[in-house]
Chemist: 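Below you will find the structure I want to go over with you.
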Amino acid sequence: MRTVTRPNRAAIWNRFVASDPGLLRLMAGLRTVGAIALTLAVLGMRGAGPSLMVSGAMTAMVATFSIKEKHRGQQAVTLALGLPVAVAAMSLGAVLSNHTLAGDVCFIALIFVAVYCRRYGDRGTALGLIAFQIYFLSLFGGAGYSTLAELCAALVVAFVCSAVVRFGVVAESTERVLKRLRKAFRARVAQLVSVQIDLLDADRDDVEKALDDVRVHTARLHESAMMIQDRLDDGTSDSASASLLQRRVAEAEIAAERLGILILTARSAEQADTLALHLPHAPLPEPGDRLQQRDDTIATLHRDLEALRVLVAGPVTGEHGTGVAQLRNRLLGYREEENLPNAPAAVQDVFRGIGEAARAALGLRLALDGPQDESDDSPETKRSREELDAEDASIAAEEKHDDPHPTGLDRPTTRAAVQVSVGSSLAIVGGELLSPQRWYWAVLTCWVVFLNTSSTGEILVKGYRRLLGTVLGVIAGVILAGVVGNHTWTAFALVLLFIFAMYFTAPVSYVLMSFFVTAMLGLLYTVLNTYSPAVLVLRIEETALGAVCGMVAAVVVLPVQTDRRTDELLAAVLVRLGDVTGAAVEQLSGGIALDLLDRARDLDTALDNLRGSTKPLTHPITPWRARRQTARYIVALLETCAYHARSLAATAELLPYSKSVAADPRLKLAGRRLSHNIDALVARVTHDTGDGVAETGASLAAMLEPQTPDSPRHDRVTGRVLRHLQRLDEGVIGLARPLGVRISTSARKEPARSAAR
């Protein structure tokens, strides 16, 4: 029984780890709930009443979730600074509780300062958030002169409890977080290989569903890779270790993604378009018969894909160590053209892709786990280790350059501070008309819709989601209030459960987070004996009012139109794409290029920013259906181009160390047209000129001369590079059409033909 349940438990845990990379959401939820529970316990032992316990619990929540710094020393400093800020905000709220006009003016000033302080990084953001939330708490709890001393004591207890949980009970470190992220990355690679096996097996009617699963897991793998890269500098001992791990993660991601395309191509009558991995409902290639009537080949593919999954996630030591080494030796042999089956070229490419993925898995494991037993290595495995060792020895710290930052009202924090101040002023006026006692809910909603948003469209979508979550939460709050009744500790237990759910679901769904917040507030009103259905209905009204005020402020005051923001980010992605492609082609054609994977990382970051900014355009409720389809198409094309650019960068990184990759001067000619076309797109998007022309001509892949049996092995790799360049060229031309760039079919044909010769 134990031999059955343990693997099942491990599989379930691996799925959970993959769904929450680094357990970041789980740990954040546990840390917040732990701080609140400890605060409630301490205040309960001191005989505090329900009002003080609610204030202490909310303060513990704010003191815990507002601090986002990665190093514990920085967290401790911010937490220590946050206590006097919280005491000052509570005191200010109590002193001005009977002075309505002065209190409102002070609240608006506090809101402006709190938002403006975001320009000073995580610490400024945390202190501003603490100041705002504690002042709001003074309004929510009805702070006054008579209770100020007790409230300040509760604040101290809450901050101390938050520190105890953060640095003791649920202690975290950047190294530990990075370790869990690396484990999650392995789990997600293994899951991607599993769904790729399903794609291999899928019937014609099930191919679309299997491909959807591959898309989802490919996106999740990319998410994990980006999270790891975000933690590298703080979670590794030096820049060389960070660069090494970054390289290995990028190689593993590229190899796993490429394997999916190769499997889809093997199932098809022709080369599969990479866009199929990035655009839902993209046209599937016509089915082929390359794998039909080849049961032995399919069985071998199954065996080797399962072996690859074991290499990624399986053990490397102990009783299974020798078996895993034998699997690795067999798969790495495919890189050296060893034991390839007698099958069509597209099917053989899948086996080569498995070999490349096995090589990436070996490099990833060496970077994560250190040296391993090499006694069972085959000659192919030894060559792969030599290549990896040569790459490792070449890594050195590289100088970083800071991009220029905007100033004045162009700075996002300054603009947001002005907008949220105006919106909050409107919310105060409107909220007072709705309810002189509960007007602050409108201000809170106005504040929240501006958090982590950068355009008018994002604010509109966030306001809609908060209102929807609030309505659903009110319904749940009414039901729970009737069930809980006067059972205070039962209510607090449910509050803790909802707070955990709130933090665990926040990165996934803003609607769910708003639902849990509102349901929790219904329970808190029950604890404070101020609950009534009318109060929760009023919360809906105040929430709607606050969302509308925020939207009005975003549209009228210093607006950042979604189109403008999207164009800025689109231009940034195109510039990064040109940087990566140009540097990779330069090195592959015999020149010198540095920071290839750093450039690829910058491209991925820019693309993630663009993807977030287009959410208002791709949201289901958007009235502009045509724009939604165009935005999805452009983002999908850019994701495809980014994949090919990353692949070029990874191949170029191998150039100095691999015996199978050699420089080819012809590639520089192939890259010229691509560079020109990207520059034309950038000029169009930035409105520098409207006269740019994207040029097409002979296929870049035509540069590859027919191979002979005696051709050097690196010709196959050069062919792969040309295919990546060809797909990039097609993707850039595909972008030219929706962006309104003219296309010329006559220019530059001659250079391409001469290059082919």
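Hydrogens, waters and symmetry mates play no part in the numbers below; they use all other heavy atoms, side chains included.
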Chemist: Over 60° means perpendicular and under 30° means parallel, so classify the ring planes of Y120 and Y116, tilted if in between.
Modeler: perpendicular
Chemist: Counting N and O atoms only, with roles assigned by atom type, does the side chain of R72 sit under 3.5 Å from a partner on the main chain of A171, one being a donor and the other an acceptor?
Modeler: no
Chemist: Taking T147 for the side chain and A143 for the main chain, is one N or O donor matched with an acceptor at less than 3.5 Å?
Modeler: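 No; judged by distance alone, with no hydrogens or angles, the pair does not exist.
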Chemist: Report the distance from atom CZ of R188 to atom CG of L221, rounding to the nearest 0.5 Å.
Modeler: 8.0 Å
Chemist: In Å and rounded to the nearest 0.5 Å, what is the OG to CG distance from S421 to L426?
Modeler: 11.0 Å
Chemist: When you measure from the side chain of S97 to the backbone of A94, do you find a donor-acceptor pair of N or O atoms at a distance under 3.5 Å?
Modeler: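 Present.
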Chemist: Are E542 and S435 linked by a side-chain donor-acceptor pair shorter than 3.5 Å?
Modeler: no
Chemist: Quick check for you: to the nearest 0.5 Å, what is the distance between F132 atom CZ and C117 atom SG?
Modeler: 14.0 Å
Chemist: Rounded to the nearest 0.5 Å, how far does CD1 of I67 lie from CG of L129?
Modeler: 10.0 Å
Chemist: List the atom pairs, with distances to 0.1 Å, where a side-chain N or O of residues 34-52 and a protein N or O form a donor-acceptor pair under 3.5 Å, not counting sequence neighbours.
Modeler:
{"from": "T39", "atom 1": "OG1", "to": "A35", "atom 2": "O", "distance (Å)": "2.7"}

Chemist: Measure the spacing between CG of L92 and CG of L148 and express it to the nearest 0.5 Å.
Modeler: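 Here the interatomic distance stands at 10.5 Å.
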Chemist: Report yes if the side chains of W441 and L545 come closer than 4.5 Å at any heavy-atom pair, otherwise no.
Modeler: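 No, too far: nothing below the 4.5 Å cut-off.
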Chemist: What I'd like to find out is whether the side chain of V443 reaches to under 4.5 Å of the side chain of I111, using heavy atoms alone.
Modeler: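 Yes; the side chains approach each other to less than 4.5 Å.
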Chemist: Using a strict threshold of under 4.0 Å (side-chain N to carboxylate O), is an ion pair present between D604 and R601?
Modeler: no
Chemist: Checking side chain to side chain donor-acceptor pair (under 3.5 Å) for the pair T78/E69: CA distance, chi angles, key distance, verdict?
Modeler: CA-CA 9 Å; T78 304; E69 289 157 310; 2.5 Å; yes
Chemist: Name each donor-acceptor pair under 3.5 Å that joins a side chain in residues 155-167 to protein atoms two or more places apart or in another chain, with its distance.
Modeler:
{"from": "S162", "atom 1": "OG", "to": "T64", "atom 2": "OG1", "distance (Å)": "3.0"}
{"from": "R166", "atom 1": "NH1", "to": "Q75", "atom 2": "OE1", "distance (Å)": "3.3"}
{"from": "R166", "atom 1": "NH2", "to": "T64", "atom 2": "O", "distance (Å)": "2.6"}

Chemist: Could you tell me the separation between the OG1 atom of T505 and the CZ atom of F500, rounded to the nearest 0.5 Å?
Modeler: 9.5 Å
Chemist: Under the side-chain hydrogen bond (donor to acceptor under 3.5 Å, both in side chains) test, which residues partner R186, sequence neighbours left out?
Modeler: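 Partners of R186 under the side-chain hydrogen bond (donor to acceptor under 3.5 Å, both in side chains) test: D369.
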